[in-house]
Q: 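Dropping the structure in here first, questions after.
The residues of the chain are indexed from 1 along the displayed sequence. Everything quoted here is computed from the prediction, not taken from an experiment.
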Amino acid sequence: MSTAATSNASGEAVTTASNSTISTAPDALAGAASSVDPTQLPAEQMVNAAHDSAVASMSMAETLQGWLVVGGPVVWILLAMSVAALSILLIKLWQFNMPRPEGGRAVNRSLSLWHKGDAEGAIAQLNTRQTVPAVLLLAMRGMRNGTDQTLLREELQRVGSYRLNQLKLLLRPLEVIANLAPLLGLLGTVLGMIEAFQQMESAGSRVDPSILSGGIWQALLTTAVGLAVAIPVVAIHSWLERRVERIAASLNDAVTQVFTHQPKPQHSAKVANAA
């Protein structure tokens, strides 16, 4: 009987020990997980993020490809117009910034010297690469050489108009794209609606609402693309047009100051000093 009791006691001890071991196992695993170096995690996270971005880009490319297929020729035309508008924008940005047509600092220094009577110093500040300084240089040289003011004004008007027309170059195609893109989108919508109703007519009494809804969203896709192309093009055209207007105003103001603030001839100043 004592042997049975001993065996029971040892069994209970083993069971208790095993239960305690099992109960402490999750705690040990949790402690091991918490002891993992967190600096080892970002590499895996970066790999996952790169995979997710690749999947997202692939899905976006597939979506765009599907839109091009569904939209038909109208969407392709709108895509070509958007590429043309982007090309014009890059050209105009280069034209307006390399170099800047206003030449603000050079013009201000030149006019300041001109007002003080230093015609040679004023002319030396200008160059022919920028629009406003080039026309201002022509005006100052004409006034210094004593050219007839009527002829000089006509020549300045001719050169100024030519320079401003160079800045306005390619603005008309932007305006055409901005006006035609919504109309092309609307045309695609109308054609898509016609096709959807033709499919409904051919279905007869067995009309499936999904046919109409699918045709409608496919038709509205062209309008959305047309507006997406037209809205930024309108904003860009307005900004560039306003930029040309500011340059024209600066040009007019600078040339007017040349005529209204004529420097005294240097020989007259020498005669006055000698007297």
Q: With rounding to the nearest 0.5 Å, note down the distance linking OG1 in Thr222 to CG in Leu186.
A: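 Thr222 OG1 to Leu186 CG: 8.0 Å, rounded to 0.5 Å.
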
Q: Starting at CD1 of Ile123, measure out to OG of Ser110 and round the result to the nearest 0.5 Å.
A: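 Rounded to the nearest 0.5 Å, the CD1-OG separation comes out at 7.5 Å.
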
Q: Are any non-hydrogen side-chain atoms of Arg246 and Glu102 less than 4.5 angstrom apart?
A: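 SC-SC contact between Arg246 and Glu102 ruled out.
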
Q: Can you tell me how far CD of Gln130 sits from CZ of Arg163, rounded to the nearest 0.5 angstrom?
A: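 Those atoms lie 9.5 Å apart.
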
Q: Can you check whether Thr147's main-chain N or O pairs, donor with acceptor, with Asn145's side chain at less than 3.5 Å?
A: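 Answer holds: no.
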
Q: Does any non-hydrogen side-chain atom of Met140 lie less than 4.5 Å from one of Leu111?
A: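 A side-chain contact exists here, since the closest heavy-atom pair is under 4.5 Å.
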
Q: Working note: Arg172 + Glu175, criterion side chain to side chain contact (heavy atoms under 4.5 Å, CB included); need CA distance, chi angles, decisive distance, verdict.
A: CA-CA 5 Å; Arg172 184 55 60 86; Glu175 185 179 359; 3.3 Å; yes

Q: Is there a path from Ile88 to Leu93 through hydrophobic residues (I, L, V, M, F, W, Y) whose side chains come within less than 4.5 Å of each other?
A: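 Cluster IDs for Ile88 and Leu93 match.
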
Q: For residues Val234 and Leu79: do they belong to one hydrophobic cluster (side chain heavy atoms under 4.5 Å, members Ile, Leu, Val, Met, Phe, Trp, Tyr)?
A: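 Looking at the clustering, Leu79 is in a separate group from Val234.
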
Q: Can you list the steps and then say if Val135 with Tyr162 is a side chain to side chain contact (heavy atoms under 4.5 Å, CB included)?
A: CA-CA 10 Å; Val135 180; Tyr162 174 77; over 6 Å; no

Q: Report the residues that fulfil side-chain contact (heavy atoms from CB on, under 4.5 Å) with Leu167, sequence neighbours left out, ordered by chain and then residue number.
A: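 If we apply the side-chain contact (heavy atoms from CB on, under 4.5 Å) test to Leu167, skipping adjacent residues, the hits are Gln95, Phe96, Pro101, Thr131, Leu164, Val244, Ile247.
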
Q: Taking side-chain contact (heavy atoms from CB on, under 4.5 Å) as the definition, give me every residue that meets it alongside Ala106, ordered by chain and number, with sequence neighbours left out.
A: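 Scan of Ala106 (side-chain contact (heavy atoms from CB on, under 4.5 Å), adjacent residues dropped) gives Arg109.
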
Q: Do the side chains of Arg144 and Glu120 get close enough for a salt bridge, i.e. N-O under 4.0 angstrom?
A: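 Judged by the 4.0 Å cut-off on N to carboxylate O distance, Arg144 and Glu120 do form a salt bridge.
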
Q: Considering non-hydrogen atoms only, spot the tightest contact between Val233 and Ala85 and give its length.
A: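 Closest heavy-atom pair between Val233 and Ala85: CG2-CB, 3.7 Å.
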
Q: What heavy-atom pair brings Ala139 and Leu152 nearest, and what distance separates the two atoms?
A: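 So the two residues come closest at O-CD2, 3.9 Å.
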
Q: On a heavy-atom basis, which atom in Pro182 and which in Leu227 lie closest, and how many Å separate them?
A: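 Looks like CB-CD2, 4.4 Å.
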
Q: Drop me the distance from Arg100's CZ to Arg105's CZ, to the nearest 0.5 angstrom.
A: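 The CZ atom of Arg100 sits 10.0 Å away from the CZ atom of Arg105.
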
Q: Once rounded to the nearest 0.5 Å, what's the spacing between atom CD of Gln257 and atom CG of Asn252?
A: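 Reported to 0.5 Å precision, the distance equals 10.5 Å.
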
Q: Do Leu221 and Val190 belong together in a cluster built from hydrophobic side chains that touch within less than 4.5 Å?
A: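 No: no chain of side-chain contacts under 4.5 Å links Leu221 to Val190.
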
Q: List the atom of Ala119, the atom of Trp114, and the distance in Å for their closest heavy-atom pair.
A: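 Where Ala119 meets Trp114 most closely, the heavy atoms are CB-CZ3, 3.8 Å.
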
Q: Who pairs with Leu220 by side-chain contact (heavy atoms from CB on, under 4.5 Å), at least two apart in sequence or on another chain?
A: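 In terms of side-chain contact (heavy atoms from CB on, under 4.5 Å), with neighbours along the sequence ignored, Leu220 is linked to Thr189, Ile216.
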
Q: Between Ser112 (side chain) and Asn108 (backbone), is there a donor-acceptor pair under 3.5 Å?
A: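 Side chain of Ser112 to backbone of Asn108, a donor-acceptor pair under 3.5 Å: no, none is there.
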
Q: Same cluster for Leu171 and Trp239 if Ile/Leu/Val/Met/Phe/Trp/Tyr side chains link at under 4.5 Å?
A: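 Yes, one cluster joins them.
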
Q: Under 4.0 Å between a side-chain nitrogen and a carboxylate oxygen: does that hold for Glu245 and Lys168?
A: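 Looking at Lys168 together with Glu245, the answer is no, because their closest N to O distance does not fall below 4.0 Å.
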
Q: Does the pair His237 and Glu241 meet the rule for a side chain to side chain contact (heavy atoms under 4.5 Å, CB included), with working shown?
A: CA-CA 6 Å; His237 178 266; Glu241 196 173 37; 3.7 Å; yes

Q: Check step by step if side chain to side chain contact (heavy atoms under 4.5 Å, CB included) holds for Val225 and Val74.
A: CA-CA 9 Å; Val225 175; Val74 174; over 6 Å; no

Q: Please report the closest heavy-atom contact between Leu138 and Val159, naming both atoms and the distance.
A: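 It is CD2-CG2, 3.8 Å.
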
Q: If you take all heavy atoms of Ala181 and Val229, which pair is closest and at what distance?
A: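 Closest approach of Ala181 to Val229, heavy atoms only: CB-CG1, 4.0 Å.
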
Q: If two hydrophobic side chains count as joined below 4.5 Å and joins carry through other members, does Val107 share a cluster with Leu113?
A: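 Val107 and Leu113: separate clusters.
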
Q: Could you grab the distance from atom CG of Leu180 to atom CG of Leu187, nearest 0.5 Å is fine?
A: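 CG of Leu187 is found 11.0 Å from CG of Leu180.
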
